[in-house]
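A short write-up of the structure that comes next.
First the proteins, then the strands, lettered A, B, ... as listed; each starts at 1.
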Amino acid sequence: MKKLLTYLLVLLLSLPAAASEVQSEPQEAGSFDMEEYLYGHVRDAYEWHITTVNGRHISIPLPVILVSRCGNGFHCFLSSKLEEGEYQGFMMAPKGSRYESKIVERGPDGEFVRPLDFSMTKNVCSLLIASALLLFLVLSTARWYRRHDASKTAPRGLSGVMEMLVSMVENDIIRPSVGKDYKRYSPYLLTAFFFIFINNLLGIIPFFPGGANVTGNIAVTLVLALFTFFAINLFGNKHYWKDIFWPEVPTWLKVPLPLMPLIEIIGMFTKPFSLMVRLFANILAGHFMILGVVAVIFLTAELGVAVNSGLSVVAVILGVFMDILELLVAFIQAYVFTMLSAVFIGMSRQEPTNE
Amino acid sequence: MSLVTPDFGLLVWMTLIFAIVLFILAKFGFPAITSMVDKRAAKIEKALKDAEQAEKQLSSLSERQAELLEQTRAEQNRLIQQASRERERIIESAKAQAQAEADKILQNAKNEIRAEKQSALRDLSALVSSLSVQVAEKIVRHKLETDPQEQIKLIDSLIEEASRLDDSAGVQRKA
């Protein structure tokens, strides 16, 4: 019991570390596979797993789109084809290999090679669902505005909520952070906010239309951060570039060794990098936390009914708490990403102060 | 570890999806909403400003009304006072006039009475004299019928008297 509690503590405090511990320990047959459980839920996948009944996985097969790097050409098939092993020269990489849980092909010398993989994975589908939902929400609100005289009536229901959120983001984040020509950036920043927010929310839902760990995927946050990077640097004014290459510091910091310009250039990249990592890490950690709390139920299943049911109650209460916390985090992270993007954009459009 | 290495395929899909969503929303979605919201906010602000102004006007109006009321009351007081003064003055003057009239009437009456008295006195004296003359005549006639001597004596005395009367009248005229 004491050992279990320590184990749980370690699990909650550093989940990846705990997971690797599980890996190092020899697994008993039929016991709960912690690593598979944790990573299986936060990882991208080729099919959308819904549930497992009596050891049979029930999942939605998704299209796999591959371009071979070994001259095998272009391939497109459903992921269910790979369940039996090799299909058209492609297979899932075996456990423990470098490309675990990814599709690979055999190279000329028998090595595993990753093909160019454009599969519509779980995350891609989740992105599509979220985007469709977002487009529906925003465009229906916009349509309401086109059909009504907004200065006479206020929208109700969904449009009302959307309007509240839009004006909240615009008045609280974009306008004060960007400065005078905020209107130019507000569509991007609003899109980023709602995109992140809706994906975060869908990620919390544990079953089909949601449940994918989209905003906790580094590729997704990387793209978002890149968009912000371009929004900052493509429209930066003269003052911004001068501050990077010739900042107002003592000359010996700039010539002959361009210390300050170097730091400023690094800063150009660390800003979006921090955006990328912050969103990714927060959402991923949130998923791990919830998964860890729920894992308690399965981990204690072997310890008898009393312990299991007692800890299950605790786990459910903690899980509810975590879910509510994640709801908050979903909003806060969308807010923070938007606000920092707006602040960085505002900094790139600052006019020199006359001091 | 695969968690921190971005997957190329997902990167491409994400870029594509986000770019399309951004394009559609930036073109058809958010500007329509924000411009309308801004418009409404401006309108609400204007309405609030108007309301404030109206309130200010109203309060100044009520102030003015109170002022006007005060003025009216003062005017009313002044008028009442003036009227009462006027009334007193009119009564006073009416009294004076009446007094004067009464005096005049009284004077007239007195005058008339005096004149009447005079004329009555005159008439009376004329009557008395005529009566006395008649009485005297009767007495004289009676005496004369009885005693001629007496007649002559009377005539003499009459003549004398008459002349005396003439004298006294002449004296009176002279005076």
Side-chain angles (χ1 to χ4, degrees), chain A residues 16 39 42-44 65 99-102 114 116-121 123-124 127-128 130-131 134-135 137-139 141-146 148-152 154 159 162-163 166-167 170-171 183 186-188 190-192 194-195 214 216-224 226-227 280 284, chain B residues 1-70:
Chain A
Y39 285 96
V42 296
R43 208 166 36 198
D44 202 359
I65 302 161
Y99 300 118
E100 190 188 330
S101 79
K102 299 280 178 206
R114 277 283 278 147
L116 283 176
D117 188 349
F118 298 104
S119 305
M120 298 194 60
T121 58
N123 277 352
V124 173
L127 274 172
L128 285 173
S131 302
L134 180 60
L135 285 176
L137 285 174
V138 175
L139 291 182
T141 309
R143 201 182 57 173
W144 187 94
Y145 276 103
R146 250 179 251 120
H148 293 76
D149 184 0
S151 54
K152 290 209 176 87
S159 302
M162 287 303 287
E163 187 206 302
V166 168
S167 42
E170 200 177 50
N171 295 335
K183 280 223 178 292
S186 96
Y188 165 65
L190 281 166
T191 307
F194 282 102
F195 193 86
V214 174
N217 188 298
I218 196 99
V220 172
T221 58
L222 173 63
V223 171
L224 288 168
L226 274 177
F227 270 88
F280 159 71
L284 185 65
Chain B
M1 204 160 69
S2 71
L3 276 183
V4 287
T5 47
D7 197 49
F8 180 69
L10 184 58
L11 215 63
V12 172
W13 280 109
M14 169 64 189
T15 312
L16 194 68
I17 292 170
F18 188 72
I20 291 169
V21 169
L22 176 61
F23 175 77
I24 295 174
L25 291 187
K27 202 155 174 69
F28 307 108
F30 288 119
I33 300 174
T34 50
S35 70
M36 279 298 182
V37 170
D38 281 356
K39 225 180 264 178
R40 186 164 59 214
K43 196 187 172 188
I44 289 170
E45 203 168 320
K46 190 176 163 290
L48 279 176
K49 222 171 259 175
D50 283 358
E52 200 181 334
Q53 205 169 358
E55 205 177 340
K56 218 178 274 174
Q57 262 176 359
L58 207 68
S59 81
S60 84
L61 215 67
S62 83
E63 227 165 74
R64 171 127 182 73
Q65 194 185 21
E67 201 177 295
L68 222 68
L69 210 67
E70 195 58 37

Query raised in the report: Of the listed residues (A/His148, A/Lys102, A/Arg143), which shares the most heavy-atom pairs with chain B below a 4.5 Å separation?
Result: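 Among A/His148, A/Lys102, A/Arg143, the one with the most close pairs to chain B is A/Lys102.
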Query raised in the report: Picking from A/Ile65, A/Leu224, A/Leu284, which has the most non-hydrogen pairs under 4.5 angstrom with chain B?
Result: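 Ranked by heavy-atom pairs under 4.5 Å with chain B, first place is A/Leu224.
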Requested in this report: Under 4.5 Å, heavy atom to heavy atom: which of residues 13-26 of chain B reach chain A? Give them by number, or say none.
Outcome: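 Residues in range: B/Trp13, B/Met14, B/Thr15, B/Ile17, B/Phe18, B/Ala19, B/Val21, B/Leu22, B/Ile24, B/Leu25, B/Ala26.
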Report task. Give me the contact list for residues 48-63 of chain B versus chain A, heavy atoms only, anything under 4.5 Å, ordered by residue number. Result ->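 Not one residue of residues 48-63 of chain B has a heavy atom under 4.5 Å from chain A.
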Per-residue contact mode, [X] against chain B (heavy atom under 4.5 angstrom):
X: A/Tyr188; value: both
X: A/Val220; value: both
X: A/Phe280; value: side chain

Query - Basic-acidic side-chain contact under 4.0 Å: B/Asp7, A/Arg43 - result: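 The answer is no: the pair does not qualify as a salt bridge.
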Query - Matching residue for B/Leu10 among A/Val214, A/Asn123, A/Leu222, A/Asp117 - test: side-chain contact (heavy atoms from CB on, under 4.5 Å) - result: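 By the side-chain contact (heavy atoms from CB on, under 4.5 Å) criterion, B/Leu10 pairs with just one of A/Val214, A/Asn123, A/Leu222, A/Asp117: A/Asn123.
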Query - Distance in Å, B/Ile33 CD1 paired with A/Ser167 OG, rounded so as to fall on 0.5 Å steps - result: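 Those atoms lie 9.5 Å apart.
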Requested in this report: Mind running side-chain contact (heavy atoms from CB on, under 4.5 Å) on A/Trp144 and B/Met36 for me, showing each step along the way?
Outcome: CA-CA 11 Å; A/Trp144 187 94; B/Met36 279 298 182; over 6 Å; no
**Report entry** Over all atoms of both residues, closest heavy-atom pair of B/Gly29 and A/Ala142
**Finding:** O-CB, 3.6 Å
Requested in this report: Taking side-chain hydrogen bond (donor to acceptor under 3.5 Å, both in side chains) as the test, write out the residues that go with A/Thr121, two or more places apart.
Outcome: A/Asp44
Report task. List in chain and number order the residues that pass side-chain hydrogen bond (donor to acceptor under 3.5 Å, both in side chains) with A/Lys183, two or more places apart in sequence or in another chain; answer none if no residue qualifies. Result -> B/Asp38
Report summary line: Honestly, the part of B/Lys39 sitting under 4.5 Å from a heavy atom of chain A is neither
Query - Most chain A-contacting option - heavy-atom pairs closer than 4.5 Å, from B/Ala47, B/Pro6, B/Gly9 - result: B/Pro6
